[in-house]
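As the structure is a computational prediction, the values presented were derived from the model and not from experiment. By convention here, the first residue in the shown sequence is residue 1. Ligands are counted one by one from 1 in listed order, and the atoms in each one are counted from 1 as well.
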Amino acid sequence: MPVALGDRAYDVVIGAGQLATLGDRCADLFGRTRAFVVIDDELPSSTVDLALGALADAGLEVAEAPVSASEETKSLETAHELLRQLGSTGHERHEPVIALGGGVVGDVGGFVAATYKRGAPVVQCPTTLLSMVDASVGGKTGVNLVTTSGLKKNLVGSFWQPSLVLADVRTLASLSEREFRAGLAECVKHGQITANVEQPDLLGWIESRTATLKSGEDATLTELVERNVRVKSAVVASDERELDAEGRASRMILNLGHTFGHALESVRTLSPDGDPSHAPLLHGEAVALGLVAACGAGQSAGLLDESEARRVRGILESVGLPTRVGSLPQVETLIAIMGHDKKARGGRLRLVIPDGARSVRVIDGPPDHLIRAGFEAIRA
Ligand code: GLY
């Protein structure tokens with residue numbers, strides 16, 4: 001599937017067993033060069049061997065760089081270490097960096113590629129549902145930074161489009177059920193914005209397959225990823241650098257559920273099922289709660305019917321995602337956290353809320369009662 005970005009256009013290849021084609025695709029794009037492969041050190045060896053074997057068979061010379069993937073290691077220190085390794089091997093600017101793993105590996109690998117010798121090509125090989133349907137497409141790369149007021153996510157980074165995205169849905173088999181479900185939250189989010197980018201109904205498609213999605217048939221997973229990438233790439237093609245705050249297909253609409261979600265994610269004691277040993281929330285779990293909160297805000301703004309809000313909650317629940325959370329801090333505390341969200345501009349928050357079942361709009365400086373209604377919708 002092409003991502004239409006003029007001279008930065010690229011393909012997203014989706015399917016079962018596609019990792020075996022990595023070497024030939026890289027040889028076609030870059031020649032029989034060296035390849036620097038950033039690898040999530042928790043990936044099963046079968047996945048790593050498949051990717052590295054494909055590169056070697058196609059005549060590429062492989063350097064492996066295992067990294068431990070977490071929000072703490074998504075740092076300038078990790079990027080520095082990878083850049084040091086690239087520099088030590090004399091990696092050339094036309095030779096690819098390949099990111100094999102989930103969102104953290106893709107973001108750090110992409111950032112290292114963006115900055116090494118002012119920009120080397122990057123190939124994204126996402127291995128989680130979340131990174132297949134969202135993070136690997138669109139060129140956002142970066143690392144977190146610990147500031148005097150704590151860890152700030154993605155504070156340092158660059159837009160750097162990949163040369164290729166290769167999503168092998170068979171790699172999803174090694175995800176825990178919890179991680180897989182978390183990725184589905186981004187899929188539901190995409191379902192809620194299809195009308196903004198004139199894409200076919202996705203919410204209904206997910207709704208009628210909630211049981212089969214969990215069992216993970218190759219064909220169903222391929223179609224799931226494909227339908228989501230279509231939505232994501234349409235948004236990216238319309239507003240690559242998130243500069244268009246007003247447009248219907250502004251990249252900002254991908255933030256649906258995230259402003260609420262980031263606030264929830266930062267409260268490290270919240271858990272998806274009330275069991276403290278399951279805290280903190282995974283990103284996708286916080287997004288699921290954020291989507292329900294955004295629906296609550298949409299209802300309060302008179303833009304969404306109760307039945308539509310109930311439907312979104314029902315879909316999330318039927319795939320096993322949380323839609324209510326216990327021990328929620330006071331709304332004032334959460335509003336203060338939201339004020340620090342990166343989408344705030346000039347002290348004014350920008351909130352994306354549903355406007356009907358399949359479209360959203362950006363509200364600049366939303367009144368507190370909308371935010372309050374959002375948080376009340378998820379309070380257990
Ligand atoms: N994940 C949001 C974006 O790519 O803009």
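Within 6.0 Å of atom CD in E332, more than 12 heavy atoms from other residues, nucleotides or ligands are found, so the atom counts as buried in its surroundings.
Tested against I193 for a side-chain contact (heavy atoms from CB on, under 4.5 Å), the candidates L254, V352, L202 yield a single pass: L254.
Side chains of E223 and T220: a donor-acceptor N/O pair is absent below 3.5 angstrom, by distance only. There is a side-chain donor-acceptor pair under 3.5 Å between E186 and H258.
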Give one line per pair: atom of ligand 1, protein atom, distance. Only N/O to N/O under 3.5 Å.
| unit_1 | atom_1 | unit_2 | atom_2 | d |
| --- | --- | --- | --- | --- |
| ligand 1 | 1 (N) | D134 | OD1 | 3.0 |
| ligand 1 | 1 (N) | D134 | OD2 | 3.3 |
| ligand 1 | 4 (O) | K232 | NZ | 2.7 |
| ligand 1 | 4 (O) | R251 | NH2 | 2.8 |
| ligand 1 | 5 (O) | K140 | NZ | 2.9 |
| ligand 1 | 5 (O) | R251 | NE | 2.7 |
| ligand 1 | 5 (O) | R251 | NH2 | 3.4 |

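Hydrophobic clustering (side-chain heavy atoms under 4.5 Å, transitive across Ile, Leu, Val, Met, Phe, Trp, Tyr) groups V133 together with L256.
Qualifying salt bridge (charged side-chain N to carboxylate O under 4.0 Å, His left out) partners for R248, counting only residues two or more places apart in sequence or in other chains: none.
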